[in-house]
2 protein chains.
Amino acid sequence: MSLRHALLGLLSERPASGYDLLKRFETSLANVWPATQSQMYGELSKLAAAGLISVSAEGPRGRKEYTLTDEGLAELRHWLTETEPQRNPRSDTLLRVFFLGVLTREQAGDYLTGLMDLSDRELEALRELERTIDWGDDQLSVYGRIALEYGLRFNEMKREWARWAATQLR
Amino acid sequence: MSLRHALLGLLSERPASGYDLLKRFETSLANVWPATQSQMYGELSKLAAAGLISVSAEGPRGRKEYTLTDEGLAELRHWLTETEPQRNPRSDTLLRVFFLGVLTREQAGDYLTGLMDLSDRELEALRELERTIDWGDDQLSVYGRIALEYGLRFNEMKREWARWAATQLR
DNA sequence: CGCCGCATGTAAGTTGTTACATGATTGA
DNA sequence: TCAATCATGTAACAACTTACATGCGGCG
């Protein structure tokens, strides 16, 4: 149910079309809440039907610009303050760890060093993102940086954990 | 597609019924790959039809004990060694951070301290789990401990990040 | 003999993915 | 003019959730 809130959240900054929103998903939200084009257009229709957003302008090529309604903003605030972030996310990466026993120690070690490399690459990508983003003083910048910091710390943690785990195998 | 591999992985240790597997999901795998009863029974049927597992015994109350076949073990190894753990998981928790700007600073701070508390509680639960589990020398214990360590480090990281983020708001 | 736990299944609905389909506008 | 980008949508399928449904077996 969070795709709808992601859309409401983005629209709380400024009106946008489905296409615009898609771009935002591919950049800032890609690491947090990926969504496909297909899913987005469907969800936007539902949100409009529910009155949480409305079509505020129409442009060329059938472009529809959506604006958050008062009800939409209220729903966004309600979600943020009254509901618990719960869903403990599934982790493919970690699931595999449980079953490394069916491999040789060497193969298991390879898997763990592979994870280290993955975290390194991810860290580099996040640092690159940090450099390229135009950090202003707006709200999204403040909280965007906080989210980015999470990614940095998370990947550092994963790298060190994988390093430690590899030593455990011996 | 990983539920099937989780089932294959559990069956690689020893044969079990759907009911047995469900218990394992509720305990060891609950934090990594939650699954419902409904989903499991369906997936077991599919795995049996595909020849990756087979019914090795039938017991009272229609109990069916499944055993991993050679093909099933091969598939498990293939998954572990040849495929990339990819799906960067969605994070409800982090998504919310992006939109804290629509709240007051105080409300945003409350959210972050709420996350700290959540991590603390999770840490306590994992430490309790560490105490109660009967850690043997078997494969699953070795790798289960490694997975648990991940959980501990992850929650410590989240707690410290949330603490840091709360200070950023001032 | 009655309750609790064992044990399996189905149905309906939601969310998310992949692929297909179409067409308008703009800038080189 | 033609290619890239803008722009929206639909269909089929896979994964997951929630709720409903049923019944046997063992133990006290």
Side-chain angles (χ1 to χ4, degrees), chain A residues 1-8 10-11 15-27 29-50 53 55-66 79 83-84 86-92 95, chain B residues 1-8 10-11 15-27 29-50 53-66 79 83-92 95:
Chain A
M1 280 282 283
S2 286
L3 172 63
R4 68 187 309 119
H5 296 112
L7 291 169
L8 294 176
L10 288 177
L11 288 172
S17 69
Y19 194 82
D20 294 337
L21 293 167
L22 194 60
K23 292 303 168 67
R24 310 284 301 280
F25 268 87
E26 282 164 6
T27 55
L29 293 189
N31 297 304
V32 171
W33 203 273
T36 60
Q37 174 255 44
S38 197
Q39 212 190 342
M40 273 207 22
Y41 283 112
E43 194 63 39
L44 285 170
S45 294
K46 281 187 214 161
L47 284 168
I53 63 179
V55 178
S56 51
E58 304 207 18
R61 278 160 296 200
R63 176 190 169 93
K64 283 183 264 182
E65 193 180 68
Y66 291 101
W79 172 65
T83 68
E84 287 277 307
Q86 52 203 10
R87 197 96 55 118
N88 48 338
R90 293 177 165 78
S91 170
D92 188 357
L95 178 63
Chain B
M1 279 279 285
S2 286
L3 172 63
R4 69 185 309 119
H5 296 112
L7 291 169
L8 294 176
L10 288 177
L11 287 173
S17 68
Y19 193 83
D20 293 339
L21 292 166
L22 194 61
K23 292 303 167 67
R24 309 284 300 280
F25 268 87
E26 282 164 4
T27 54
L29 293 188
N31 297 304
V32 170
W33 204 272
T36 59
Q37 174 256 44
S38 197
Q39 211 190 342
M40 274 207 20
Y41 283 112
E43 194 62 39
L44 285 170
S45 295
K46 281 187 213 162
L47 284 168
I53 63 178
S54 67
V55 177
S56 52
E58 305 208 18
R61 278 161 296 198
R63 175 190 170 94
K64 282 183 265 184
E65 194 182 66
Y66 292 101
W79 173 66
T83 68
E84 288 277 307
Q86 51 202 10
R87 199 92 59 113
N88 49 339
R90 293 177 165 78
S91 170
D92 188 358
L95 178 63

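FYI, side chains are in, hydrogens and waters are out, and symmetry mates aren't considered; it's all heavy atoms of this structure. For clarity, every value in this text was computed on a predicted model and none was experimentally measured. Residue numbers begin at 1 in each chain, while the letters A, B, ... track the order of the sequences.
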When you compare the side chain of Arg90(B) with that of Leu3(A), does any pair of heavy atoms fall below 4.5 Å? no

Using whole Å, what does the distance between atom P of nucleotide dA7(C) and atom CG of Asp20(B) come to? 6 Å

OH-OG distance between Tyr66(B) and Ser56(B), expressed to the nearest 0.5 angstrom: 10.0 Å

Heavy-atom nearest nucleotide on DNA chain C for Ser2(A) versus Pro60(A): which residue maps closer to 5'? Ser2(A)

Among the candidates dC6(D), dA7(D), dT17(D), find the nucleotide nearest to the side-chain atoms of Lys23(A). dC6(D)

To the nearest angstrom, the CG-C1' distance between Leu47(B) and dA14(D) comes to 15 Å

Gap separating the CG atom of Leu47(A) from the NE2 atom of His5(A), nearest 0.5 angstrom: 8.5 Å

Taking CH2 from Trp33(A) and P from dT17(C), how many angstroms apart are they, rounded to a whole number? 10 Å

Expressed in angstrom and rounded to an integer, what is the separation of Arg61(B) atom CZ from dG25(D) atom C1'? 4 Å

Tell me the interatomic distance from Met40(B), atom CE, to dT8(C), atom P, rounded to whole angstroms. 8 Å

Have a look at Lys46(B) and say if it touches a base, only the backbone sugar-phosphate, or nothing, with a 4.0 Å heavy-atom cut-off. nothing

Round to a whole Å and report the spacing from CG of Asp92(B) to P of dT17(D). 14 Å

Reckon Arg63(A) has a side-chain N or O less than 4.0 Å from the OP1 or OP2 of dA7(D)? yes

5'-most contact on DNA chain D: Tyr41(A) or Gln39(B), nearest heavy atom basis? Tyr41(A)

N/O donor-acceptor pair, side chain Ser38(B) with base dT10(C), under 3.5 angstrom: yes

Rounded to whole Å, please give me the gap between CE in Met1(A) and P in dT14(C). 10 Å

Spacing between Gln37(A) atom CD and dC6(D) atom C1', to the nearest angstrom: 12 Å

Correct closest heavy-atom pair for Ala30(B) and Glu26(B) would be CB-O, 3.3 Å

Identify the heavy atoms of Gln37(A) and Leu22(A) that sit nearest to each other, and give their distance. CA-CD1, 3.6 Å

Can you find a side chain N or O atom of Tyr19(B) that sits less than 4.0 Å from OP1 or OP2 on dC6(C)? yes

